[in-house]
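Hydrogens, waters and symmetry mates are skipped; everything else that's a heavy atom, side chains included, is used.
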Amino acid sequence: MPLLFRRASLASLGLAFGLSALCLSPVMAQETAPAAPADAAAAPAAAPVDPNAVVATVNGQPLTEADLVLAEGELSQQFAQLPPEQRRAAALSAAIEIRVMAAKAVTDGLDKDPDFQRRMAFLQQRALHGEMVEKGVVNKVTDAEIRARYDQEIANTPPVNEVHARHILVKTKEEAEAIIKQLDGGGDFQKLANEHTSDPSGKSNGGDLGWFGPGQMVPEFDKAAFALEVGKYTKQPVQTQFGWHVIKLEDKRAKQPPAFDEVKDQAKQAVIRDKYFALVKSLRAGAKVEIPDAKLKQAVDTMEAGK
């Protein structure tokens, strides 16, 4: 199916919280990884690791497996280019550097610096915020809530038609008019498309564009295609930025909503978002927040109202 004439519809997929947007997105082909041979030896399961196991000591203080996991997680981008067998050693080396530098900073009194203490307080608050989101919101989302959100989105999504069309693309209006004359005289659309279209992907399939929904084509093409009756073709050439088109409508149908399993993750994110903002709203309502700067307060209030 040619992509040349399709508008950028992947943006709707980026709206993780909008199932309605997904219902309007084009169907994307998915490649399936080849299955492993039946006789392939299964990889042995990794032995469980004791998080309290000591992997090193720094000035007599233990550095554990749990510390190493934290180091690998926090510094994962720095280790991304390393082979797997080197990442553990790199993480341990980094953790040791952090320990000795932190000890030196304490010796020099840097931990008493007001700027440092402010940063530490903020980092602690941010970490606690993350813990609250994970344990107070994300971990409390149920499968029933996810399914209910999916059902709600489907119910609130208006029915949408999609069409199956073919087209012949040429450079000039005169060429398009000549093709329409041949069609008026009984010419075969698919044969004419194979002979005349400048769309590379349409030269071997009779100009077939497959199924598409509203907004997936450039506006001029979209309007003309959806205005046609099944089996009819445009009696006047349709101009877009790509050239001149003759369009034939093969069929129409109601577009089916995505299956639950296809958008389950998006539905879960929508539930998490709603629960998060509900929790924030309740906590903000019980908090005494004062912003002396009137202009800044107005900007914050406007931003909060938009959430």
Item checked: D111 vs F116, side chain to side chain contact (heavy atoms under 4.5 Å, CB included): CA-CA, chis, key distance, verdict -> CA-CA 6 Å; D111 58 323; F116 170 77; 3.9 Å; yes
Next item on the list: Go through the steps for V141 and K275 under the test side chain to side chain contact (heavy atoms under 4.5 Å, CB included), then give the verdict.
Entry: CA-CA 9 Å; V141 173; K275 283 181 171 289; 3.9 Å; yes
Next item on the list: Report the C-alpha separation of E304 and R284 in whole Å, then their side-chain angles, then the decisive distance to 0.1 Å, and conclude whether the salt bridge (Lys or Arg N to Asp or Glu O under 4.0 Å) test is met.
Entry: CA-CA 11 Å; E304 293 294 329; R284 287 289 295 266; 3.4 Å; yes
Check: Given the rule in the salt bridge (Lys or Arg N to Asp or Glu O under 4.0 Å) test, do K297 and D293 qualify, once you have shown the distances and angles that lead to the verdict?
Finding: CA-CA 6 Å; K297 182 179 185 305; D293 186 323; over 6 Å; no
Margin query: Assess the residue pair E145 and R149 against the criterion (salt bridge (Lys or Arg N to Asp or Glu O under 4.0 Å)); give the C-alpha distance rounded to whole Å, side-chain angles, the decisive distance to 0.1 Å, and a yes or no.
Written below: CA-CA 6 Å; E145 289 175 318; R149 182 53 185 258; over 6 Å; no
Item checked: Evaluation steps, salt bridge (Lys or Arg N to Asp or Glu O under 4.0 Å), between R118 and D115 -> CA-CA 5 Å; R118 277 190 290 270; D115 286 341; 2.2 Å; yes
Notebook entry, point to check: Can you check side chain to side chain contact (heavy atoms under 4.5 Å, CB included) on Q117 and M120, steps first, answer last?
Noted result: CA-CA 5 Å; Q117 292 184 345; M120 280 298 297; 5.5 Å; no
Checklist line | Worked check of side chain to side chain contact (heavy atoms under 4.5 Å, CB included) between L169 and W244 | finding: CA-CA 6 Å; L169 174 65; W244 294 86; 5.7 Å; no
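Distance alone, capped at 3.5 Å, is enough to place a donor-acceptor pair between the D67 side chain and the T64 backbone. Without hydrogens or angle criteria, T57 side chain to G60 main chain gives no donor-acceptor distance under 3.5 Å. Although no hydrogens or angles enter the test, the distance criterion places no donor-acceptor pair under 3.5 Å between the side chain of Q298 and the main chain of K295. Under the 3.5 Å distance criterion, the side-chain polar atoms of T107 are matched with a main-chain donor or acceptor of A103.
Here the OG-CG distance, from S76 to L82, works out to 11.5 Å after rounding to the nearest 0.5 Å. Separating the CD atom in E65 from the CD atom in E72 is a distance of 8.5 Å, to the nearest 0.5 Å. With values rounded to the nearest 0.5 angstrom, L123 atom CG is found 14.0 Å from H129 atom NE2. Atoms CG and CD, on N205 and Q190 in that order, are 8.5 Å from each other to the nearest 0.5 Å. To the nearest 0.5 Å, the span separating CD on Q269 from CG on D274 amounts to 11.5 Å. Taken to the nearest 0.5 Å, the CD atom of E162 stands 6.0 Å off from the CH2 atom of W211.
By the 4.5 Å heavy-atom criterion applied to side chains, P214 and V160 are counted as neighbours. Counting only heavy atoms from C-beta outward, the side chains of H167 and L209 approach each other to under 4.5 Å. Residues Q266 and V263 meet the side-chain proximity criterion, which asks for heavy atoms closer than 4.5 Å. In this structure, Y150 and K264 have side chains that are not in contact, with every pair of non-hydrogen atoms separated by 4.5 Å or more. Two residues are said to be in side-chain contact when any heavy atoms from C-beta on lie closer than 4.5 Å; V163 and R253 fail this criterion.
Both tests hold for R147 against F260: distance to the six-membered ring centre under 6.0 Å, angle to the ring axis within 45°.
A pairwise comparison of heavy atoms in L192 and L183 identifies CD1-CD2, 3.6 Å as the closest pair. The shortest non-hydrogen separation linking L75 to A94 is CD1-CB, 3.5 Å. Shown here for V218 and F242, the closest heavy-atom pair between the two residues is CG1-CE1, 3.7 Å. Between H245 and T234, the shortest heavy-atom distance links the atoms O-OG1, 4.3 Å. Nearest approach of N194 to K203, heavy atoms of both residues: OD1-O, 2.8 Å. For the pair A56 and L92, the tightest heavy-atom approach, listed with the atom from each and the gap, is CB-CD1, 4.1 Å.
In the displayed structure, E229 atom CD is contacted under 6.0 Å by at most 12 heavy atoms of other residues, nucleotides or ligands. More than 12 heavy atoms of other residues, nucleotides or ligands sit less than 6.0 Å from atom NZ of K252. With a 6.0 Å radius and a threshold of 12 heavy atoms from other residues, nucleotides or ligands, Q152 has its CD atom above the threshold.
Hydrophobic clustering (ILVMFWY, side-chain heavy atoms < 4.5 Å, transitive): L279 and V133 are in one cluster. Put simply, Y276 and L283 are part of the same group of oily side chains (I, L, V, M, F, W, Y) that touch within less than 4.5 Å, one to the next. Placement of L249 and I247 within a single hydrophobic cluster is found when ILVMFWY residues are connected by side-chain heavy-atom separations under 4.5 Å, directly or transitively. Linking Ile, Leu, Val, Met, Phe, Trp and Tyr residues whenever their side-chain heavy atoms come within less than 4.5 Å leaves I96 and F79 in two separate clusters. No continuous path of ILVMFWY side-chain contacts below 4.5 Å connects L228 to I180, so the two sit in separate hydrophobic clusters.
Residues T197 and D199 have side chains that never bring a donor and an acceptor to within less than 3.5 angstrom of each other. Counted by atom type alone, Y233 and D184 present one or more donor-acceptor pairs between their side chains at under 3.5 Å.
Ring to ring, F212 and H164 are not that close: their centroids are 6.0 angstrom or more apart.
Taking 4.0 Å as the cut-off between side-chain N and carboxylate O, E290 and K288 count as a salt-bridged pair. The pair K232-E250 does not meet the salt-bridge criterion, since no charged nitrogen lies less than 4.0 angstrom from a carboxylate oxygen.
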